[in-house]
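Structure, as structure tokens:
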There are 2 protein chains.
Amino acid sequence: MLAGLEYDKRKRSELLGNAVDSSKTPSSDPEDSELGVEGGRKRATINDIARLAGVSKKTVSRVINQSPFVRDETRERIEAVIAEWGYAPDPQARGLAFRRSFLIGMVYDNPNPQYVVNMQLGLLDGLRGSGFELVVHPCNRASPTFLNDIRAFVERQKLFGVVLPPSVSEDESVARLLSEIGCAYIRIASVELDKPEHMIVGRDRLGGEVMGRHLVDLGHTRIGFVTGLPNFRSSHERLGGFEDALRKAGLALDPDYVAQGAYTFESGVAAGEALLARTPRPTAIFCANDEMAAGALQAARRAGLNVPEDVTIVGFDDFQIAQSVWPPLTTIHIPTREVGRLAAEKLIGKETRDARDPAPTAPYLVLRESSAPPPKS
Amino acid sequence: MLAGLEYDKRKRSELLGNAVDSSKTPSSDPEDSELGVEGGRKRATINDIARLAGVSKKTVSRVINQSPFVRDETRERIEAVIAEWGYAPDPQARGLAFRRSFLIGMVYDNPNPQYVVNMQLGLLDGLRGSGFELVVHPCNRASPTFLNDIRAFVERQKLFGVVLPPSVSEDESVARLLSEIGCAYIRIASVELDKPEHMIVGRDRLGGEVMGRHLVDLGHTRIGFVTGLPNFRSSHERLGGFEDALRKAGLALDPDYVAQGAYTFESGVAAGEALLARTPRPTAIFCANDEMAAGALQAARRAGLNVPEDVTIVGFDDFQIAQSVWPPLTTIHIPTREVGRLAAEKLIGKETRDARDPAPTAPYLVLRESSAPPPKS
DNA sequence: CTGAAAGCGCTTACAG
DNA sequence: CTGAAAGCGCTTACAG
């Protein structure tokens with residue numbers, strides 16, 4: 001079952017002890033003798049702190065858990081001992097007693113590495129100093145064991161909670177499962193799919209509108225749109241925001257100028273080729289993410305078109321690729337990392353102390369070289 | 001200390017019980033009454049399995065830990081009960097008794113999202129079915145608390161082991177620290193920095209040589225090289241392999257045609273500009289990763305040069321960006337995910353059963369459109 | 001080959 | 001405001 005942990009390999013030779021500081025002086029208690037086969041001094045436990053502070057372990061426990069029912073004087077004495085010995089409670093023991101671990105799961109199926117890494121960094125930002133750790137768990141909605149896998153993961157690890165980025169976040173059966181087994185969760189999505197306490201809502205629609213306005217302001221009227229995967233709400237929201245901008249400018253979206261993409265580079269090439277073949281040709285193409293915009297850029301090149309002189313091509317996300325292609329892409333910046341931080345803070349209840357229900361900062365336009373006014377033909 | 005876990009919020013209302021199957025029939029034992037406030041039936045424990053199989057919990061423990069000292073008949077009976085009830089031991093309780101958790105840490109500082117995500121996927125591949133989980137832990141070698149952070153992380157979580165990708169893997173003080181505190185570790189690097197049992201050695205040097213041979217075979221003799229960050233061994237190994245290829249072809253590396261990069265797109269632009277300004281101009285530029293090759297591509301375009309007609313530009317890694325730029329980059333494919341799997345398997349001792357000390361598959365050339373014979377001038 | 005007792009380091013439930 | 005007892009679900013150390 002667990003490799004490397006076979007019974008006969010587990011002969012332990014460490015000696016027990018309570019000492020924890022770095023001096024080599026053995027205490028007078030014979031149990032304290034410390035050789036530390038593995039070179040380390042034993043960490044202090046709640047019992048050590050209790051003894052040293054002259055209180056019961058229960059009282060130390062109260063201090064750890066910020067119980068109000070401790071006299072200030074007692075608390076200060078205990079906190080001093082804790083600080084002096086660098087004591088930190090053992091999350092495993094605490095978890096066992098709490099019947100809940102101090103692990104946060106990130107259950108995701110997003111295919112974009114940059115999104116995944118930024119989201120992780122954001123979650124870690126939110127968890128920093130809290131004592132929680134982040135366990136990553138990719139999943140596959142198409143797998144027949146999809147829900148069972150998640151259930152086994154959550155139950156076995158007794159996860160404190162999980163964060164769900166798109167598109168798993170948009171799967172109702174996952175949210176239902178988590179509710180059933182009593183696991184806290186936060187869904188990250190571009191629309192309010194659940195009760196507010198379970199949601200961090202991204203502002204994809206606004207981002208789509210900002211980009212739409214940019215294109216309209218440049219003078220474009222015949223604009224193509226490349227959608228993302230249909231099972232990502234963000235794709236619909238970005239398109240919806242774009243339509244909002246068109247509508248406000250008195251323009252309408254021509255369905256013939258909407259091409260289906262899949263958020264991948266290759267799908268951007270194909271959709272770009274298709275749109276550039278329309279007659280009349282669009283003067284601008286708005287792709288629902290940068291990856292597809294990079295693909296559309298390539299389609300334009302193959303068609304012998306210069307960007308932005310002949311056609312404007314813009315993306316969404318502001319990931320690295322937007323800067324690495326030529327010309328660099330005008331795009332919409334999305335605060336992925338910040339969204340992650342907010343999700344983690346909300347999950348562990350940190351946000352209640354700071355601000356109530358903070359929304360991520362608004363997406364904004366990043367102007368680069370791939371957008372320009374339409375060619376005067 | 002731990003947000004959301006204040007003393008007075010922890011009033012628990014669940015009832016205890018031992019039932020675990022899905023039938024609602026309460027057992028005759030009054031303690032078994034089960035309402036499951038959180039909707040869930042209680043999971044079976046080792047005590048339930050022991051009772052059901054008519055043995056002591058110690059014997060169940062032996063089965064779980066694959067002790068040879070269990071009669072076959074007893075073992076089978078217990079395994080049947082385990083399977084019937086879907087029992088899985090609680091990793092927290094097990095960890096507490098073992099004085100070691102079932103968590104594997106990935107401690108990394110690699111800046112490339114694609115590398116990080118692929119490495120994570122590989123580690124997860126190796127951990128699958130083992131009961132171990134992956135905890136991610138980015139770090140910063142420049143931080144004054146760098147080592148203390150790692151120590152606190154490893155000790156607090158009682159990590160079973162950690163995997164170190166470059167460049168943390170190349171930090172001797174980290175390896176020393178891990179040895180001292182008795183934490184198992186695997187270093188992933190392009191040279192054997194440590195005892196074999198602590199190493200997965202990538203074949204960057206071979207990759208560099210393969211690419212060098214490709215360029216030589218195309219007829220290039222005046223080749224520029226853009227290095228990666230100097231504190232990444234891979235950078236030196238890739239250059240070393242390139243030199244090997246040159247030497248074997250009777251060519252020598254001209255130091256004037258080596259430019260310092262930093263593995264980033266921007267550094268590729270700068271190094272590309274510098275090299276393209278040399279007289280005579282190199283007919284090919286080998287960048288130590290794809291990101292910099294994308295940058296060099298941009299430098300070439302700005303200099304009014306066509307790739308590959310005027311100058312060949314090639315990369316290393318075969319990440320997505322190699323396919324997303326124009327022209328798509330000839331590059332060297334590195335089995336990042338496989339390396340991750342091997343590292344995880346080695347760490348948890350899985351590899352001893354499969355193959356002894358497997359090496360990652362060799363890097364190979366991926367031929368795309370950015371390389372061609374030198375221009376006939 | 002198997003088991004009863006003690007313990008891992010915490011918290012809960014209950015007294016005072 | 002504080003503490004002694006019991007328990008979380010496992011394993012170790014020791015008997016038999």
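Just so it is clear: chains get the letters A, B, ... in the order the sequence lines come, proteins before strands, and each one is counted from 1.
Within the 4.5 Å cutoff, the side chain of B:Met106 has no heavy atoms near those of the A:Val136 side chain. Here the side chains of A:Val107 and A:Phe153 are in contact, with some heavy-atom distance below 4.5 Å. A heavy-atom distance below 4.5 Å is found between the side chains of A:Arg156 and B:Arg43.
In this structure, A:Thr74 reaches the D:dT2 phosphate: one of its side-chain N or O atoms is under 4.0 Å from OP1 or OP2. Considering only side-chain N and O atoms, B:Arg99 lies nowhere under 4.0 angstrom from the phosphate OP1 or OP2 of D:dT11. Residue A:Thr59 places at least one side-chain N or O under 4.0 Å from the OP1 or OP2 atom of D:dG3. Within the structure, a side-chain polar atom (N or O) of A:Arg94 is placed less than 4.0 Å from OP1 or OP2 of C:dT11. An OP1 or OP2 oxygen of D:dT11 is reached within less than 4.0 angstrom by a side-chain nitrogen or oxygen of B:Asn65. The phosphate of D:dC10 (OP1 or OP2) has no side-chain N or O of B:Ser61 nearer than 4.0 angstrom.
Each of C:dC10, D:dC10, C:dG9 was ranked by its minimum atom distance to the side chain of B:Thr45; first place goes to D:dC10. Of the candidate nucleotides D:dC10, C:dC8, C:dG3, C:dG3 has the atom lying nearest to any side-chain atom of B:Ser56. Residue A:Ile46 has its side chain nearest to C:dG9 when only D:dC10, C:dG9, C:dC8 are considered. Here the side chain of A:Val70 is nearest to one of C:dT11, D:dG9, D:dT2, namely D:dT2. When distances are taken from the side chain of B:Phe69 to each of C:dC10, C:dT2, D:dG3, the shortest belongs to C:dT2. Distances were taken from every side-chain heavy atom of A:Ala97 (C-beta onward) to each of D:dC10, D:dG9, D:dC8; the shortest belongs to D:dC8. Nearest to the side-chain atoms of A:Lys58 among the listed nucleotides C:dC10, C:dA13, D:dT12 stands C:dA13. Residue B:Ile64 has its side chain nearest to D:dT11 when only D:dT2, C:dG9, D:dT11 are considered.
With hydrogens and angles ignored, a donor-acceptor pair under 3.5 angstrom links the side chain of A:Arg62 to the base of D:dG3.
Note: CZ (B:Arg51) to C1' (C:dT2) measures 19 Å, nearest angstrom. Look at CD on B:Gln92: it is 13 Å from C1' on C:dC8, rounded to the nearest Å. We find that CD of A:Gln157 is positioned 13 Å from P of D:dC10, with the value rounded to whole Å. Nucleotide C:dG9 holds its P atom 14 Å from the CZ atom of B:Arg100, rounded to whole Å. The CG atom of A:Leu96 sits 12 Å away from the C1' atom of C:dT12 (whole-angstrom rounding). Regarding B:Glu155, its CD atom lies at a distance of 16 Å from the C1' atom of C:dG9, rounded to whole Å. For the pair B:Asp72 CG and C:dT2 C1', the computed distance is 15 Å after rounding to whole Å. Between A:Arg156 atom CZ and D:dG9 atom P there is a gap of 16 Å when expressed in whole angstrom units.
Across all strands shown, D:dA15 is found opposite C:dT2 as a Watson-Crick or G-U wobble partner, with both distances under 3.5 Å.
Counting only distance, with no hydrogens or angles, the side chain of B:Arg77 and the backbone of B:Ala53 share a donor-acceptor pair below 3.5 Å. In this structure a side-chain-to-backbone donor-acceptor pair under 3.5 Å is present from B:Asp109 to B:Val168. Checked by atom type and distance alone, the side chain of B:Arg62 never pairs as donor or acceptor with a backbone atom of B:Arg75 at under 3.5 Å.
In terms of position on DNA chain C, the residue among B:Lys158 and B:Val55 whose nearest nucleotide sits closer to the 5' end is B:Val55.
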